[in-house]
Amino acid sequence: MAKLFQEMGLLASEYEKIVKLMGREPNYTELSMFSVMWSEHCSYKHSRPVLGTFPTTGPQVLQGPGENAGVVDIGDNQAVAFKIESHNHPSAIEPFQGAATGVGGIIRDVFTMGARPIALLNSLRFGSLDNDRVKYLFDGVVSGISWYGNCIGIPTVAGEVYFNDSYAGNPLVNAMCVGLLNHDELKKGVASGIGNPVMVIGARTGRDGIHGATFASEELSDKSEEKRPSVQVGDPFMEKLLLEACLELIRSGAVIGMQDMGAAGLISSSCEMATRGGSGMVMDVAEVPRREEGMEPYEVLLSESQERMLVIPRKGKEQIVEEIFNKWGLEAAVIGHVTDDGMLTIMEGDKIAAQVPATALTEECPVYRPEAKEPEYLSRVNAFSPEDLPLPKDCSEVLLSLLASPSIASKEWVYRQYDYMVRTNTVIGPGSDAAILRVKGTNKGIAVTTDCNSLYCYLDPFTGGAIAVAEAARNLVCSGAKPLAVTDCLNFGNPEKPEIYWQFKEAVAGMSEACKRLSTPVVSGNVSFYNETNGGSVYPTPVVGMVGLVEDLNHRCSMDFKEEGHLMFLLGQTKSELGGSQYLSVIHGKDMGKTPSLDLDTEAAVQECCLEAIKKGIVVSAHDCAEGGLAVAAAESAISGGIGCSVNINTELASHELLFSESQSRIIITVAPKDVEKLMTTANKFGVICEEIGTVGGSTIEMTVSEKLQISVSLEIAASTWREAIACKLT
Amino acid sequence: MYQAKIKVTLKKGVLDPQGSAVQRSLRALDYGEVTSVRIGKYMEVNLEASNKETAEEQVKEMCQRLLANPVIEDYTYNLVEVKS
Amino acid sequence: MYQAKIKVTLKKGVLDPQGSAVQRSLRALDYGEVTSVRIGKYMEVNLEASNKETAEEQVKEMCQRLLANPVIEDYTYNLVEVKS
Amino acid sequence: MKFGVVVFPGSNCDTDVKYAIETVLKQPVDYLWHQEGDIAGYDCLVLPGGFSFGDYLRIGAIARFSPIMKSVEQFAGNGGLVVGICNGFQILLEAGLLPGAMKMNDSLQFRCQDAYLKVENNETAFTNKMMPGNILRVPVAHGEGNYYADESMVAELERNGQIVFRYSSSKGAVVPEANPNGSTANIAGVINKEGNVLGMMPHPERCAETLLGGEDGKLIFESIIDWHQGGGKLG
Ligand SMILES: Nc1ncnc2c1ncn2[C@@H]1O[C@H](COP(=O)(O)OP(=O)(O)O)[C@@H](O)[C@H]1O
Ligand SMILES: [Mg+2]
């Protein structure tokens, strides 16, 4: 046994604890159940104490972390359920299927709650597009997301894509889903009611995703590699049927609880449902419909075959359940029933294959608080001072280079492959700061975004984490929405390394502080550790997914300039903050300096001011200054609106600082001349700096800094540079 | 000139949703006797080469590098000389 | 039991965008000697039948009705008896 | 006038079409499940977009054998109005109710974007509210919308006025750059010879409200309603 538990990835101390919990030595099947449930992925054993520090409550929160998705009130008895999840490692091996099944998994998490999915988002990170393997991964991931989302008919409306060498061997693929439900339709993943049947529905079970590496035991060594593909293949058509059938089932009142089978398949869904319900279950693996022959009990339990759900219907309602599944042509099988003994009893026919207390697999998992230590690289990279850099010879060239850099360039190449309009709710699609979906039958809209600048997090994980939250909220505000709540996907390296664990703790602390100040509690999330290749970690990447409410769609806003003669104003203040900027990274090849500072009170004031001005109908376009600073933000608004602008600012700052610093808490808005007074009144009310910086119009992008014309680029050239950059890199 | 007729199929055990859907459809069309359907790709690649060995080497390499996805697919090919 | 190995290809004269793209990629990978690529489908259908003639009839019908689209596709098949 | 929206497993735009007809155009509309046989009492059937049967094998190939398709064929044979949008168009092609076939987009990628459609024939049940040469802005969203017809078929379509919409520039130029998928002769929509069955790749139901960015798609539904109210004749 000694060797076996190690091969299954368990520590000696963990094995001892298992024996104690069981009161005996576990058999092979039981040990494999512990091994997957106590894995980092399922147990969060390295992250749980830290995650506990997130703020998770608020009047809007109907369901916080702990369920398949978080749920937030949006008024009128309606609510939104949402969650983000990573599929980084599968996507590194097989980008198309890895990304596709990531999308499939997150959709199931949302409809499990009784919500109809209304939108998908994705947050992606790759190495440099100069590398052939990276191109292959990028293309594969995007087409996998496109295939799954389009086929199932849920619009993919927003996301982000960044390119940085730290992700070359380990891309990040995070997918988010948002669903809509009525309060009384909320379903949880609980198993209760002694004698209620336990059903598996959807796809048949195969040997998908049972990791050869974890199970390279002697007992198995004679089985050929070919028999155990570790890559799961998705079937969005099956999932569409499952989605419709499950929602119909929930509306019928015939179910108590349901949960999707994601990581660790049947075993994790059953023990989690039993734990939540304070119950137990008897299940017969022989009753599980399979698509392969000769599967061992542990294979059936651990299989990660996609598009399956575990459902607990009410006893006596079996016929309703059956009728609904028949209508959708789905296979459903009763595999057991709910008990009150707290045990997970796994039968294989009339033989007991395993028997474990459900909570032993879930709540009893050991928790670790690894050592945290500030990494050494920090003092070196932070010491770099951009003030010593020479002024660029030609800021027009700099602007064009920034617009052409893949992280800043238009992501149209990506999102034109996504059906972002299906279901006819997309009022603002991809390409603006946040996407907006209308809620049919009301005048409300749901705004959604994902954000994270991992370079900031690399240079200062605390501030970087806080900025990710602040930027997400800012993007929602720019679209006219009030930010409601957060889902997060924490992508880091190996947490057993003190430096990585330090990054992790710092980032969470920074995010927590921002979430508190901006009243956007965390309601769901996901942790992905071990994102490393050959010992090198990805930049710490705590992705923030945020959902907001547009109370009245008449007051929505987008980033594109609207009309000749509108005046440009900057909310907030530009500082000498070139550290961590794309200007440094792209033009000077330095991922260095200090992350821009973030003052949360200023941030909150700027956001409140902007939102109120939008609601008053004063603002006709709004766009926050993010990567590339003020110059890039203004150029993006000009390109999107198909109309030029002329910026004129007097400042103490050096020209490149003014143009390219990534100082936080800044939003460029445009207003009609007649509304300037109203704008200033609003800005004063919130104590926000609001400076007129230019005029919309013409067919060039011009920027004059302290009386000197620094940038003059034709709109057409800026637009084609920005739009075509990614496609150019791929051919 | 040579022509390679290449078949790319899903590895054993890999889910083939397309095959299953076609099988269900054939059943619905009353071909109840169909017991399984697997769907893959078929490619015809024409290439110039000085001799069959070189051609074969090339074809094999193309399959491994581009035409099949080694993570989930297997391939077989059949190479014949044809008139150009 | 019988197994039909079915190849479905685009009719001659119908442009094959996928084939052209693969050819371009092969060229980019320095297989300059590739002169044409055509991409189709390959299917393996297993079926029970009392004898080969019946099996063949069935397969032909399936191809005509469902597996190929006569407007743009051709099909060929190869039928063999296999152990069930 | 009563509409029926045919729902196949994997249809995605069924709700969108229903919403446009019911809420925007204020006409009665029902869903018709693919296994139904009886479709009496409807004036126009819509086969919506989506991925019927997962688009597996060939798009529309499996759906066209659904029980309801027999009734649809009959309905069309009796002169009933049938509209296939996107996936619905592909099903109509597979069923032989419209000529031609569909291939993968030239780009080999799914494309979701606005397209401009030039109205080539306004004397149909589906286009009588438009003028010839009108340009409509209607979104496309598909991976296989590359309409194929051989030369002689295109000539025949043209002779019969069966080409209803062509992809064009916003100014109406029918040029390759305006073609989002590689379709033969920039064809975006065709009708049958009898003029009662329309297939089109673009999605009119996605642009029937200003909130969603445009109303051009409404014209198609309005044409159908007008035609019906005029007793099935061109006004
Ligand atoms: N992977 C993606 N999927 C969908 N939309 C995307 C994706 N990447 C970027 N976008 C869209 O492109 C626009 C620009 O993205 P980004 O530069 O990250 O915006 P911001 O800096 O405002 O967060 C946004 O509207 C975003 O939703
Ligand atoms: Mg933004």
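First the proteins, then the strands, lettered A, B, ... as listed; each starts at 1.
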Neighbour count >12 (heavy atoms, 6.0 Å) for atom CG, C/Leu29
yes

Rounded to the nearest 0.5 Å, the OG atom of B/Ser50 sits from the CD atom of C/Glu33 at a distance of 9.5 Å

Could you go step by step and tell me if C/Thr35 and B/Met1 meet the side chain to side chain contact (heavy atoms under 4.5 Å, CB included) rule? CA-CA 9 Å; C/Thr35 56; B/Met1 197 170 69; 3.5 Å; yes

The test is side chain to side chain contact (heavy atoms under 4.5 Å, CB included); show your working for B/Tyr42 and C/Thr9 and say whether it passes. CA-CA 8 Å; B/Tyr42 171 69; C/Thr9 48; 3.7 Å; yes

Under 4.5 Å to a heavy atom of chain B? For C/Gln23 that would be neither

Whatever's closer than 4.5 Å to a heavy atom in chain C on B/Gln18 counts as neither

Applying a strict 4.5 Å limit to non-hydrogen atoms, the region of B/Leu66 in contact with chain C is side chain

Cut-off 4.5 Å, heavy atoms of chain B, and the answer for C/Leu67 is side chain

When every non-hydrogen atom of B/Val45 is compared with those of C/Val34, the smallest separation belongs to CG1-CG1, 4.0 Å

Given C/Lys41, C/Lys5, C/Met43, the one with more heavy-atom pairs under 4.5 angstrom with chain B than any other is C/Lys41

Sub-4.5 Å side-chain heavy-atom contact between B/Leu26 and C/Met62: yes

| query | Is there side-chain contact between C/Arg65 and B/Tyr31, with at least one heavy-atom pair below 4.5 Å? | reply | yes

